[in-house]
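Quick notes on the structure that follows.
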Amino acid sequence: MSVRRVIDLLRSGEPKQAATVKGWVRTKRELKDFAFLEINDGSSLQGLQVVLDHSLPDYANLLRGLTTGASVSIEGVLVASQGNKQRIELQAQTLEVWGQCDSETYPLQKKRHSFEFLRTMAHLRSRTNTLGSVFRVRNTCSQAIHQFFQERDFLWVHTPIITGSDCEGAGEQLAVTHFDPRKVPLTETGEIDYGQDFFGKPTYLTVSGQLEAEAMALAFSNVYTFGPTFRAENSNTSRHLAEFWMVEPEMAFCNLQGDMDLAEAFLKHIFKTVLEACPEDMAFFNLRIDKTVLETAEQIVTQEFERITYGDAIATLEKAKHPFEYPVEWGLDLQSEHERYLCEELFKKPVIVTDYPKEIKAFYMRLNDDGKTVAAMDVLVPKLGEIIGGAQREERLDILEQRILAQGLSLEDYWWYLDLRRYGTVPHAGFGLGFERLVQFITGMANIRDVIPFPRTPLNAEF
RNA sequence: UCCUCGGUAGCUCAGUGGUAGAGCGGUCGGCUGUUAACCGAUUGGUCGUAGGUUCGAAUCCUACCCGGGGAGCCA
């Protein structure tokens, strides 16, 4: 008798077939002479309905052990369901409880729980409908990302998680040390003597693999990273994590135009893949989480993104009859409210804003011919704001050196990054995508802590 | 980090100075193929923590802790 996943049985199981299913009890509905179980094994949102007849040996005792959350193995025969909520169901013949689940103390009820409550039990919450759907969609997103790049001959490169560079230009870093915090060695002048630490110098968790990805792109032409990233910012919002996953493609012989084209094709591919692979989960999000996710996904796949320069965006915002809390003025960064106005009210779709003033962007972004702006691009989406940030990189050694110095940074810290411009430099471009923000955007989940299994945020590393 | 709202039963919440409540869940019983099952009964509390005011505090005051939403920073 073959063991089959629930999704397989729901899709292709036929009456009279023998089948064994293994999973966890979601609900039990008892009637006088028989009972229904719903078994879920994580393979799909819908569970398999199992019918237990009172003629089963030791029926009364059996039912007592079949509580919500218990793990079971059930052998039986598939039959056409008399109910209208499922095509097929399993008539149980033998049943084994692997692990009991005390219903007095098991925290997950059959009814809906708040996401705040579920966050206090990250080890159990994946057994709920919503988190189950989230993590299946998250998996499909991962797969779609690799597929997109691999089909285009991009090399997946593994950039370091521990970095010796404390100046990657993207926020506070978490220190990595092997020192005993009670006995940190000091130099004669009273400074911390990092020469005695594990790596012989200060080290940190990476905030971006971009600089290393650029090095790899200058050998392999097209590469991408997909890995964890860390930020020690004390950000307490529904869109920030201290540990998150980032996707960073980097392309040699590419300009800003090519960068934007790639970003748009990339998002379209992921949405298309999720719509095809996870229709049940997406329908669930549309019904229970956010009634616009399907419409939004269809728009992403079919519509061209709006493209607008920062200068035009500022001019548009200045003319808008919309009250803004923060000032709109050339040279100031766009605030959340401005970004939301552009993509939620004005264009009603994703917007790519390009060519920002050089003062508000990173040193490595390529200086435009006007000398005032850089070849940067941000992809803004409704509700979330910035989901992708990218740029054509500055490939000219002299200008890059000026930009590093102008931002108060030191050339020595970037010696190897500058070498890339000394030896065979080429125009190149890339972008970074916050993976959890992508999953948030696709699923409509309001809080980023609910789209990663074990979220890391300030004061939260329990699991 | 700032602003703001909140913390009362396992969960979601009501109670705003005078005996601690409801719905759901759990348990027990009933029931015609149920599917957020249904019907009946029942169980369940250091009111976030520590001080203070008061004859009396879940309720008023102070501090702290934790959570939600918004902002900044960003992805």
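Per chain, numbering begins at 1; letters A, B, ... match sequence-line order. Since we're looking at a predicted model, the values are computed, not measured.
- Ring orientation note: the planes of A:His146 and A:Phe226 are tilted relative to one another, at an angle of 30° to 60°.
- A centroid separation of 6.0 Å or more is found between the aromatic rings of A:Phe230 and A:Phe244.
- Comparing B:A36 with B:G48, their P atoms are spaced 35 Å from each other, to the whole Å.
- Residues A:Tyr341 and A:Phe324 place their aromatic rings such that the two centres sit under 6.0 Å apart.
- In this entry B:G45 has no Watson-Crick or G-U wobble partner, no candidate having both defining distances under 3.5 Å.
- Contacts of residues 119-135 of chain A with RNA chain B (heavy atom under 4.0 Å): A:Arg119.
- Comparing B:C61 with B:A57, their P atoms are spaced 16 Å from each other, to the whole Å.
- Of the nucleotides present, none pairs with B:A14 by Watson-Crick or G-U wobble criteria with both distances under 3.5 Å.
- Pairing of B:A50, defined by two Watson-Crick or G-U wobble distances under 3.5 Å, is identified with B:U62.
- A distance of about 24 Å separates the P atoms of B:U59 and B:G68, rounded to the whole Å.
- As rounded to the nearest Å, B:A50 and B:A58 have P atoms that lie 13 Å from one another.
- Atom P of B:G33 sits at a distance of 39 Å from the matching atom of B:A9, rounded to the whole Å.
- Between the CG atom of A:Asp450 and the P atom of B:G67 there is a distance of 14 Å, given to the nearest Å.
- Contacts between residues 327-351 of chain A and RNA chain B, defined by a heavy-atom separation below 4.0 Å, involve A:Gln335, A:Ser336, listed by number.
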*asked:* Return a single string for nucleotides 3-11 of chain B, one symbol per nucleotide in 5' to 3' order, where B is base contact, S is sugar-phosphate-only contact and - is none, cutoff 4.0 angstrom on heavy atoms.
replied: -------BS
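- For B:U32, there is no paired nucleotide, since no Watson-Crick or G-U wobble pair has both relevant distances below 3.5 Å.
- Figure legend. B:G67 is base-paired to B:C5; pairs are counted as Watson-Crick or G-U wobble with both atom distances under 3.5 Å.
- For the pair A:Ser238 and B:G70, the criterion of a side-chain N or O lying under 4.0 Å from OP1 or OP2 is met.
- A 3.5 Å limit on both hydrogen-bonding distances identifies no Watson-Crick or G-U partner for B:C74.
- Remark: B:A57 base-pairs with no nucleotide in the shown strands. Criterion, Watson-Crick or G-U wobble with two distances under 3.5 Å.
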